[in-house]
Trainee: 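Shown below is the structure under consideration.
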Amino acid sequence: MSDNLIDVLEERGFIEQTTHQKELREYLEEPGRTCYIGFDPTAASLHIGSLVPIMALAHFQRCGHVPIALVGGGTGLVGDPSGKTEMRKLLTREAIEENSVGIKSQLSRFIEFSGGRAMLLNNADWLCGLEYITFLRDIGRHFSVNRMIKAESYKMRLESEEGLSFIEFNYMLLQAYDFLTLYDRHDCRLQMGGSDQWGNIVAGIDLIRRMRQDTAFGITFPLITTSSGAKMGKSEKGAVWLDARRTPPYEYYQYWVNTDDRDVERFLALFTFLPMSEIRGIGKLEGAELNAAKRVLAYETTRLAHGAEEAAKAFQAAAAVFGSGQVDPGILPSSGIHRQDQTSAAASVPHSHVSLDELQQGIPAFKLFHQAGLAASGGAARRLIEQGGAYVNGNRVTAFDDLIGVDSVIDGEIMLRSGKKRYHKLLVS
RNA sequence: GGUGGGGUUCCCGAGUGGUCAAAGGGAACAGACUGUAAAUCUGUCGGCGAUGCCUUCGGAGGUUCAAAUCCUCCCCCCACCA
């Protein structure tokens, strides 16, 4: 492979910190290396916050190496306190087992697991059978409590009111032991992770040095925040998930289209595989052109998470309701996005059904908006309407109890809108 | 185990008998301005077909015309002591 992973990651903005810069680069010159990242099975789906590590593993694979995605089935039972102000709820084994399954299927969209090109392991396999005394004598003796309590990852908790429980204090040992195990079994000498993982990664590197007299490496990613300061992956409805059942592709696409101007270039580099030669300078575009770049960003990220077909549908649905779906061929030419408006029946704007009977009676507007999910309650819907934020087929609703009836049906549909950008289509049946 | 301090609406946090659906901030939503961006200003921000009714202040009881506020018991958190 021509490119060194370090160069790729550096150029695309993935690197916060690395250990042994020079040796690491040399180590990665040779193809077929292994590297692991841990994923917490605390939910049944990964969300956008995990995208950076996922993409990093994918790049690792593209550079000719063998990534290991490690599901924390064992560590999840303990809970990582790093950077957290509160102790996490302990999950049951069953829940973690279930979640692991979902995570595996999501990862396989980004990483090719067939033919031994990547591995998916679960640390429950070696952690759950550990014997306490043996573990303490073999592993525990290499850890200095004096050093551990100075670790940044524990600091916040040690200073907080809630404190740090003993089970969480052990987390670092377990993660270090993971690294050691993967080193022994798969010759894995590189671990990557979020910047909050630095302490845990270094602990593993130390353990390998002490027990195997060998050098291992670590890379951490910066915490990705939006330019307005928010953590990645939160939308008005909560986390943006990779699971289509939790966050439909259309919403996923919308999340990315709504990217802040200042983030477009950075996000294209981080969250798509488009060549950097095309991405560079995109941030300087303005107005319509920058919006087109956002559409490409949204299309590409949606394609990665949900496939080309869903991405195209989301793109078309957006073009249908918002208009202006054009993307100039000069912008990010490598993207497979359709360059023209393609209003299509396959459009996947959120929708639901209403019966003709109900419509003949007429449905009060505020009830309709509530039912369609555009307002959290009847009261919220009334407020929405009173504030002039509710539209039926593009016309503002003037009174909360306006009756919506058959005369609002156009081509078998009624298009509801809340505010400027939340659409909901009612199909009459 | 002892002593003291706490648990308030999505989050932080005021409130120590009626004027409390509960200050203030954040988040969020809507309007104006725009480019499905940001910033700014304004409004909204428990539920209800609604100038009223209902449900909320850790849980269960109680006192009172009236309780987030007082009393009893219980649960949980924190600090110091052991």
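Every chain is numbered from 1 and lettered A, B, ... according to where its sequence line falls, protein lines coming before strand lines. Everything numeric here is computed off the predicted structure, so don't read it as measured data.
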Trainee: Could you tell me how far apart A:Lys421 (NZ) and B:G31 (C1') are, to the nearest whole angstrom?
Mentor: 14 Å
Trainee: Nearest-Å distance, CG (A:Leu285) to P (B:A38)?
Mentor: 18 Å
Trainee: State the syn/anti category of B:U51 according to its glycosidic angle, syn meaning within 90° of 0.
Mentor: syn
Trainee: Hey, does the Lys NZ or Arg CZ of A:Arg62 hover above the aromatic six-ring of A:Phe273, less than 6.0 Å from the centre and inside 45° of the axis?
Mentor: yes
Trainee: Measure from the side-chain heavy atoms of A:Arg262 and tell me the nearest of B:G35, B:U36, B:A38.
Mentor: B:A38
Trainee: Please state the P separation for the pair B:G4 and B:C48 - nearest whole angstrom.
Mentor: 45 Å
Trainee: What is the distance, to the nearest angstrom, from the CG atom on A:Asn291 to the C1' atom on B:A38?
Mentor: 12 Å
Trainee: From B:G31, B:G35, B:A38, pick the nucleotide closest to the side chain of A:Tyr391?
Mentor: B:G31
Trainee: Can you check the A:Asp261 CG to B:U36 C1' distance for me, whole Å?
Mentor: 11 Å
Trainee: Check this for me, if you would: do A:Arg147 and A:Asp206 make a salt bridge, where the nitrogen-to-carboxylate-oxygen distance has to be below 4.0 angstrom?
Mentor: yes
Trainee: Base, sugar-phosphate, or nothing: which does A:Tyr423 touch, judged by heavy atoms less than 4.0 Å apart?
Mentor: nothing
Trainee: Looking only at N and O atoms, is any donor in the side chain of A:Gln387 or the base of B:U44 less than 3.5 Å from an acceptor on the other one?
Mentor: no
Trainee: Hey, are A:Asp261 and A:Lys294 close enough for a salt bridge, meaning a charged N less than 4.0 Å from a carboxylate O?
Mentor: yes
Trainee: So, are A:Arg383 and A:Glu386 salt-bridged, with charged N and O less than 4.0 Å apart?
Mentor: no
Trainee: Using atom P in both nucleotides, what's the gap between B:A66 and B:U19 to the nearest angstrom?
Mentor: 14 Å
Trainee: Regarding A:Arg280 and A:Glu11, does a basic nitrogen lie under 4.0 Å from an acidic carboxylate oxygen?
Mentor: yes
Trainee: Give A:Ala375 one of three labels, base, sugar-phosphate or nothing, depending on what nucleic acid heavy atoms sit under 4.0 Å from its own.
Mentor: nothing
Trainee: Strictly under 3.5 Å: I want the nitrogen or oxygen pairs between protein and nucleotides 47-51 of chain B, one per line.
Mentor:
from: B:G47; atom 1: OP1; to: A:Ser377; atom 2: OG; distance (Å): 2.7
from: B:G47; atom 1: OP2; to: A:Arg383; atom 2: NH2; distance (Å): 2.9
from: B:C48; atom 1: OP1; to: A:Gly378; atom 2: N; distance (Å): 2.8
from: B:C48; atom 1: OP2; to: A:Ser377; atom 2: OG; distance (Å): 3.4
from: B:C48; atom 1: OP2; to: A:Gly378; atom 2: N; distance (Å): 3.4
from: B:C48; atom 1: OP2; to: A:Gly379; atom 2: N; distance (Å): 2.7
from: B:G49; atom 1: N7; to: A:Lys367; atom 2: NZ; distance (Å): 3.1
from: B:G49; atom 1: N2; to: A:Asp401; atom 2: OD2; distance (Å): 3.0
from: B:A50; atom 1: N7; to: A:Arg382; atom 2: NH1; distance (Å): 3.4
from: B:A50; atom 1: N1; to: A:Arg382; atom 2: NE; distance (Å): 3.4

Trainee: Should A:Arg382 and A:Asp401 count as an ion pair when the cut-off is N to O under 4.0 Å?
Mentor: no
Trainee: Could you tell me the separation between the CZ atom of A:Arg422 and the P atom of B:A28, rounded to a whole number of Å?
Mentor: 13 Å
Trainee: Please report, rounded to the nearest Å, how far the C1' atom of B:U36 is from the NZ atom of A:Lys294.
Mentor: 8 Å
Trainee: Any idea which of B:A30, B:A32, B:U36 is nearest the A:Leu384 side chain?
Mentor: B:A30
Trainee: Once you apply a heavy-atom cut-off of 4.0 Å, does A:Asp260 come out as touching a base, just sugar-phosphate, or nothing?
Mentor: sugar-phosphate
Trainee: Taking CG from A:Asn258 and P from B:A28, how many angstroms apart are they, rounded to a whole number?
Mentor: 13 Å
Trainee: Centroid-to-centroid, A:His59 to A:Phe14, below 6.0 Å?
Mentor: yes
Trainee: Name the orientation class of the two ring planes belonging to A:Phe169 and A:Phe166 (parallel below 30°, tilted from 30 to 60°, perpendicular beyond 60°).
Mentor: tilted
Trainee: What nucleic acid atoms does A:Gln254 come within less than 4.0 Å of, heavy atoms only: base, sugar-phosphate, or nothing?
Mentor: base
Trainee: For B:A30, which nucleotide is its Watson-Crick or G-U wobble mate, given both distances must be under 3.5 Å?
Mentor: B:U42
Trainee: Give one of base, sugar-phosphate or nothing for A:Arg417, where a contact means two heavy atoms less than 4.0 Å apart.
Mentor: nothing
Trainee: Rounded to the nearest angstrom, tell me the gap between atom CZ in A:Arg266 and atom C1' in B:A37.
Mentor: 14 Å
